[in-house]
Chemist: 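The structure that follows is given in the form of structure tokens.
Convention: sequence-line order gives letters A, B, ...; per-chain numbering from 1. These values consider heavy atoms only, across backbone and side chains, with no hydrogens, waters or symmetry-generated copies.
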Amino acid sequence: MNFFNIYLEKIKKSTIKNKKKLDFKENQILNKIIVETPPDNFDCDLSTNIALILAKKTNKNPKIIAEKIKAILIHEIKHFSSIDIAGPGFLNIKLSNEAWFYVIKNIEKNKKNFGSNKKNHKYNIEFVSANPTGPLHIGHCRGAIFGDVLSNLLKFNGNKVTKEFYINDYGKQINDFSKSIYFRLKEIKFNTKFPSDETLYPGSYIIDISKKILNDEPDINLENFDKIKNKLKKQGLKYSMDLIKLDLKNLGITHDKFFSETTLVKNKSVEKVIKILKKKNLIEEGYLDPPKGEDNKNWKKVKRLIFKSSLFGDDTNRALTKNDNTWTYFANDLAYHSNKVSRKYDYLINILGADHAGYIRRISSAVNALSKKENILICKVCQLVKLIKNGQPYKMSKRKGDFIEIKDVLNEVGKDSLRFMMLSRSNDAELDFDFNKVLEKNKENPVFYVQYCYARINSLYTSLKINPKSMNKLTGLKFNPNDYEYKLLRKIIEWPKIVELSVKKLEPHRIPFYLYELVTIFHSYWSKGNEDSKFKFIVNGKIKNELTFKIFQLITIILKNAMHILDVSLPKKM
RNA sequence: GCGCCCUUAGCUCAGUUGGAUAGAGCAUCGGUUUUCUAAACCGAGGGUCGUAGGUUCGAAUCCUUCAGGGCGCGCCA
């Protein structure tokens, strides 16, 4: 229910009906027409560029065309009460009272769905997918929150979404992880020193995991690592995933599906995909060139299996087997994405960290080779988070084991602030995460500013002792808004458009920005009464104008819907 | 060397896929509380939208050039 689209269609319809008068033939030339919110300094509700577009296509003077269209629209569209021509030929439209009643009624009717554009696609969103070798750190949480909110947003817009976590439980890292547990176990049992080996994980959580394993099996035989390797891997993985799931839960995130990489290898999924690609002549046995960047010690010129990803725009072809003839990460990922393709989603979305952006070409090539649909895979990259504490950059080192865990941040700043803050920036831009700022409870911390609006509205209900639900039954409502109420209404009708745009561009950060703008007008209005009694909305303990409360109710609807998407709380009292 | 992202007010950032006088917050300066929540509000100053070209009625937005910053360039995951 996007009001701008509704009026766009009406405008188009009327224009096409009057084709001859306006002297054009092809309806397509109306494709670029938009209906949008006019700049603040114009006292009108909608604005359209139709005259400019039409003038360009028919080589006419835009102002003359504008006059013609104005006459047509004002005659044909009852919801338009007046139209001004401004600037180079914009039509600035004011909606009639009838139109505003229609808008208000419509929002109240849709309520929880107000803003939803009722699409019906099937999405798979893969996000977090952190290595299961320990708890999450602050760097993970941007992508985690981004993915979660994007899922909520798509669901709100009527789609079906599967939230998926790919467990990288295969390969070298998980081996190093089990070895680290092995040495910690020896350290605990026999007091042997934990080796200073760069490949091992030093973090203290390894000690905790080791203790748990020891608790399960106090008599575990530690003579030979290789003999208990698989056991340690399995147990370590389990406890590690417990840590990750707990972190996610505290962030308010639950995945629908956890997909294990090892499973793919075990049930020969990789071989199966390679067979398919071989038939398409996309696999070859051969040699690859050495890497272009820094020298790599492990690089060897060996005949190996190669995927011809350069046919799909990748810089180079990609290896599927390692030196020891096991599968590369990419080979397994190929199988994983083949699996996702076979599950018949309309879109596959991968949320990646900036350090994995270089991987996109490769995996997109693979999916394009595997799927009949074009560009079914969309990769969204979250840029880095820079931590700042007391005005200083705060560096983490995973190798030393001194990184900031999500649970510590949550303890300090809370889920609401963390989620809101992580979304208060475009995913394409780096984000400064300032510990001092998120702890502040004022305007500089936008989450409080937004929540405060809801709390203020609710305080009205309590102080006036009215039940907000009874407000639905208002009769004899008059449409006589003051300047602030007009501003609010104009902002309110933007909400579905914000949702639509956020979905289209997969950019949930637009929602916090919108909320901030909306509540700014509200807070302005609230305070205006102090200065000018004309703007007081309560007189002698009674509501002055029912429309005011109607508008506040519409704000409440939006706040609830939006904060539900963000999964940030909305307390009635603060 | 190559690829991706960024560059907008002193600082941190928005900017509705090409529109009107480029917007917020912070910081600075100055104001507002016997009043529906001051966790708030109002006002002022502050801009060559990194650079140089191009596309057109019209560019922060699209194309090209160059510069600066970040991330990556495995047969690690």
Chemist: Looking at every strand, decide which applies to Ala319(A) at a 4.0 Å heavy-atom threshold: base, sugar-phosphate, or nothing.
Modeler: sugar-phosphate
Chemist: Is it true that atom NZ of Lys179(A) has more than 12 heavy atoms of other residues, nucleotides or ligands lying nearer than 6.0 Å?
Modeler: no
Chemist: In terms of side-chain heavy atoms of Ala429(A), which of U37(B), G19(B), A14(B) is nearest?
Modeler: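 That would be A14(B).
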Chemist: Give Asp428(A) one of three labels, base, sugar-phosphate or nothing, depending on what nucleic acid heavy atoms sit under 4.0 Å from its own.
Modeler: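 Touches sugar-phosphate only.
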Chemist: Where the side chain of His509(A) is defined as all heavy atoms beyond and including C-beta, which of G3(B), A14(B), A20(B) is the nearest nucleotide?
Modeler: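 Of the options given, the side chain of His509(A) lies nearest A14(B).
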Chemist: What is the base-pairing partner of C73(B), counting Watson-Crick and G-U wobble geometry with both distances under 3.5 Å?
Modeler: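 Per the H-bond distance test, G1(B).
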Chemist: Provide the distance between the two P atoms, one in G69(B) and one in C76(B), to the nearest whole Å.
Modeler: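 Roughly 32 Å separates the two P atoms.
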Chemist: Is Ile360(A) touching bases, backbone alone, or none of the nucleic acid, heavy atoms closer than 4.0 Å?
Modeler: nothing
Chemist: I'd like to know if Lys56(A) reaches the base of G58(B) with its side chain such that a donor and an acceptor end up less than 3.5 angstrom apart.
Modeler: yes
Chemist: Looking for any heavy atom pair under 4.0 Å, which part of the strands does Phe42(A) touch: base, sugar-phosphate only, or nothing?
Modeler: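 Since a base atom lies under 4.0 Å of Phe42(A), the category is base.
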Chemist: According to a cutoff of under 5.5 Å between the ring centres and under 30° between the ring planes, does Tyr449(A) stack with the base of A39(B)?
Modeler: no
Chemist: For G53(B), which nucleotide in any strand shown is its Watson-Crick or wobble partner with both distances under 3.5 Å?
Modeler: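 With both distances under 3.5 Å, G53(B) matches C63(B).
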Chemist: Which nucleotide, C36(B), C71(B), G19(B), lies nearest any side-chain atom of Ile538(A)?
Modeler: C36(B)
Chemist: Give me the ring orientation class for Tyr359(A) and Phe330(A): parallel if the planes are under 30° apart, tilted from 30 to 60°, perpendicular past 60°.
Modeler: perpendicular
Chemist: Look at the side chain of Arg425(A) against the base of C13(B) and say whether a donor-acceptor pair falls under 3.5 Å; ignore hydrogens and angles.
Modeler: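 Donor-acceptor pair under 3.5 Å: no.
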Chemist: Indicate, with yes or no, if the rings of Phe146(A) and His509(A) have centres closer together than 6.0 Å.
Modeler: no
Chemist: Which nucleotide sits closest to the side chain of Glu36(A): U37(B), A77(B), U16(B)?
Modeler: U16(B)
Chemist: How many Å lie between CG on Leu501(A) and C1' on U17(B), as a whole number?
Modeler: 8 Å
Chemist: Which of the following nucleotides, C36(B), U16(B), A20(B), is nearest to the side chain of Phe537(A)?
Modeler: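 Selected nucleotide (nearest to the side chain): C36(B).
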Chemist: Name the nucleic acid region contacted by Ala55(A), choosing base, sugar-phosphate or nothing; use a 4.0 angstrom heavy-atom cut-off, strictly under.
Modeler: nothing
Chemist: Mind checking Asn323(A) for me? I need base, sugar-phosphate or nothing, with any heavy atom below 4.0 Å counting as a touch.
Modeler: base
Chemist: Nearest to the Leu384(A) side chain among C71(B), A20(B), C75(B), which nucleotide is it?
Modeler: C71(B)
Chemist: Is there a side-chain contact between Trp327(A) and the phosphate of C75(B), meaning an N or O under 4.0 Å from OP1 or OP2?
Modeler: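 The answer is no; no side-chain N or O of Trp327(A) sits under 4.0 Å from OP1 or OP2.
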Chemist: Which is it for U33(B), anti or syn, if anything within 90° of zero counts as syn?
Modeler: syn
Chemist: Choosing from C57(B), G15(B), A77(B), which nucleotide comes nearest the side chain of Arg510(A)?
Modeler: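 Selected nucleotide: G15(B).
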Chemist: Counting only side-chain N and O atoms of Thr316(A), is one of them less than 4.0 Å from OP1 or OP2 of C73(B)?
Modeler: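 Checking C73(B) against Thr316(A), no side-chain N or O comes under 4.0 Å of OP1 or OP2.
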Chemist: Applying a 4.0 Å non-hydrogen cut-off, can you work out what Asp333(A) is touching in the nucleic acid: base, sugar-phosphate, or nothing?
Modeler: nothing
Chemist: What nucleic acid atoms does Lys505(A) come within less than 4.0 Å of, heavy atoms only: base, sugar-phosphate, or nothing?
Modeler: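 Here Lys505(A) touches the bases of the nucleic acid.
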Chemist: Using only modelled atom types and a 3.5 angstrom limit, is any donor from either the side chain of Ser47(A) or the base of A20(B) paired with an acceptor on the other?
Modeler: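 Looking at the base of A20(B), it does pair with a donor or acceptor on the side chain of Ser47(A) (distance under 3.5 Å).
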Chemist: Does the structure show Tyr329(A) stacking with C76(B), if we require the centres to be closer than 5.5 Å and the planes to be within less than 30 degrees of parallel?
Modeler: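 The ring of Tyr329(A) is not stacked on C76(B).
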Chemist: Below 4.0 angstrom, N of the basic side chain to O of the carboxylate: do Glu517(A) and Lys491(A) qualify?
Modeler: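 Yes.
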Chemist: If you measure from the C1' atom in U12(B) to the same atom in G46(B), how many Å do you get, rounded?
Modeler: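 Those two atoms are separated by 16 Å.
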Chemist: For U37(B) and U28(B), measure between their P atoms and round to the nearest Å.
Modeler: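 Looking at atom P only, U37(B) and U28(B) are 30 Å apart.
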Chemist: Considering only the P atoms, how many Å lie between A60(B) and G53(B), rounded to the nearest integer?
Modeler: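 To the nearest whole Å, 15 Å.
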Chemist: So what does Phe4(A) hit on the nucleic acid, given a heavy-atom distance under 4.0 Å: a base, only sugar-phosphate, or nothing?
Modeler: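 Nothing, no heavy atom under 4.0 Å.
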Chemist: Which value, in whole Å, describes the distance between the P atoms of nucleotides C66(B) and G30(B)?
Modeler: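 Nearest-Å result for C66(B) against G30(B) at atom P: 49 Å.
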Chemist: Heavy atoms under 4.0 Å, any strand shown: does Asp314(A) hit a base, just sugar-phosphate, or nothing?
Modeler: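 No contact.
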Chemist: Taking donor-acceptor contacts at under 3.5 Å, does the side chain of Lys536(A) reach the base of U35(B)?
Modeler: yes
Chemist: Is the Tyr516(A)-Tyr449(A) ring centre distance short of 6.0 angstrom?
Modeler: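 Yes, they do, as the ring centres are separated by less than 6.0 Å.
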Chemist: If the cut-off is 4.0 Å, is His356(A) near the phosphate of C5(B), judged by side-chain N/O to OP1 or OP2?
Modeler: no
Chemist: So does Ser463(A) get a side-chain nitrogen or oxygen closer than 4.0 Å to the phosphate oxygens (OP1/OP2) of C36(B)?
Modeler: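 No, Ser463(A) has no side-chain N/O under 4.0 Å of OP1/OP2 on C36(B).
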Chemist: Between G74(B), A40(B), C75(B), which nucleotide has the shortest distance from any of its atoms to the side chain of Thr328(A)?
Modeler: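 Ranking G74(B), A40(B), C75(B) by closest atom to the Thr328(A) side chain puts C75(B) first.
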Chemist: Go through G19(B), U37(B), A77(B) for me and flag the one nearest to the Ile53(A) side chain.
Modeler: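 Looking only at side-chain atoms, Ile53(A) lies closest to G19(B).
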Chemist: With a 6.0 Å cut-off on ring centres, are Phe552(A) and Phe537(A) close enough?
Modeler: yes
Chemist: Which of the following nucleotides, A20(B), C71(B), U37(B), is nearest to the side chain of Trp526(A)?
Modeler: U37(B)
Chemist: Begin with the C-alpha distance, continue with both residues' side-chain angles, and end with the deciding distance and a verdict on side-chain hydrogen bond (donor to acceptor under 3.5 Å, both in side chains) for Asn131(A) and Thr133(A).
Modeler: CA-CA 5 Å; Asn131(A) 281 326; Thr133(A) 54; 5.2 Å; no
Chemist: Measure CD/Gln451(A) against C1'/A40(B) and give the value in whole Å, please.
Modeler: 15 Å
Chemist: Quantified in whole Å, what is the C1' atom distance between nucleotide A40(B) and nucleotide A22(B)?
Modeler: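 About 28 Å, rounded to a whole number of Å.
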Chemist: Return yes when atom NZ of Lys60(A) has more than 12 non-hydrogen atoms of other residues, nucleotides or ligands closer than 6.0 Å, and no otherwise.
Modeler: yes
Chemist: Before you tell me yes or no, could you show the steps for Tyr166(A) and Phe258(A) under ring-ring contact (aromatic ring centres under 6.0 Å, His included), namely the whole-Å CA-CA distance, both residues' side-chain angles and the distance that decides it to 0.1 Å?
Modeler: CA-CA 6 Å; Tyr166(A) 182 52; Phe258(A) 288 85; over 10 Å; no
Chemist: Using the P atoms only, state how far U21(B) lies from A59(B), rounded to an integer number of Å.
Modeler: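 To the nearest whole Å, 11 Å.
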Chemist: Would you kindly compare Lys573(A) and Lys497(A) by the position of their nearest RNA chain B nucleotide and give the one closer to the 5′ end?
Modeler: Lys497(A)
Chemist: Find which nucleotide of RNA chain B each of Arg318(A) and Gln173(A) is nearest to by heavy atoms, and output the residue with the more 5' nucleotide.
Modeler: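 The residue closer to the strand's 5' end, by nearest nucleotide, is Arg318(A).
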Chemist: Return the nucleotide paired to A39(B): Watson-Crick means purine N1 to pyrimidine N3 with N6-O4 or O6-N4, wobble means G-U with N1-O2 and O6-N3, both under 3.5 Å.
Modeler: none
Chemist: Count the heavy atoms belonging to other residues, nucleotides or ligands that lie under 6.0 Å from NZ of Lys487(A), then report whether that count exceeds 12.
Modeler: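 Atom NZ in Lys487(A) is not crowded, with 12 or fewer foreign heavy atoms closer than 6.0 Å.
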Chemist: Does any nucleotide pair with G68(B) by Watson-Crick or G-U wobble geometry, both distances under 3.5 Å, and what is it?
Modeler: C6(B)
Chemist: Please report the distance separating the P of A39(B) from the corresponding atom of A20(B), rounded so that it comes out in whole Å.
Modeler: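 These two P atoms come out 38 Å apart once rounded.
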Chemist: Hey, is the side chain of Asp355(A) pairing donor to acceptor with the base of A77(B) inside 3.5 Å?
Modeler: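 Checked by distance alone, the answer is no.
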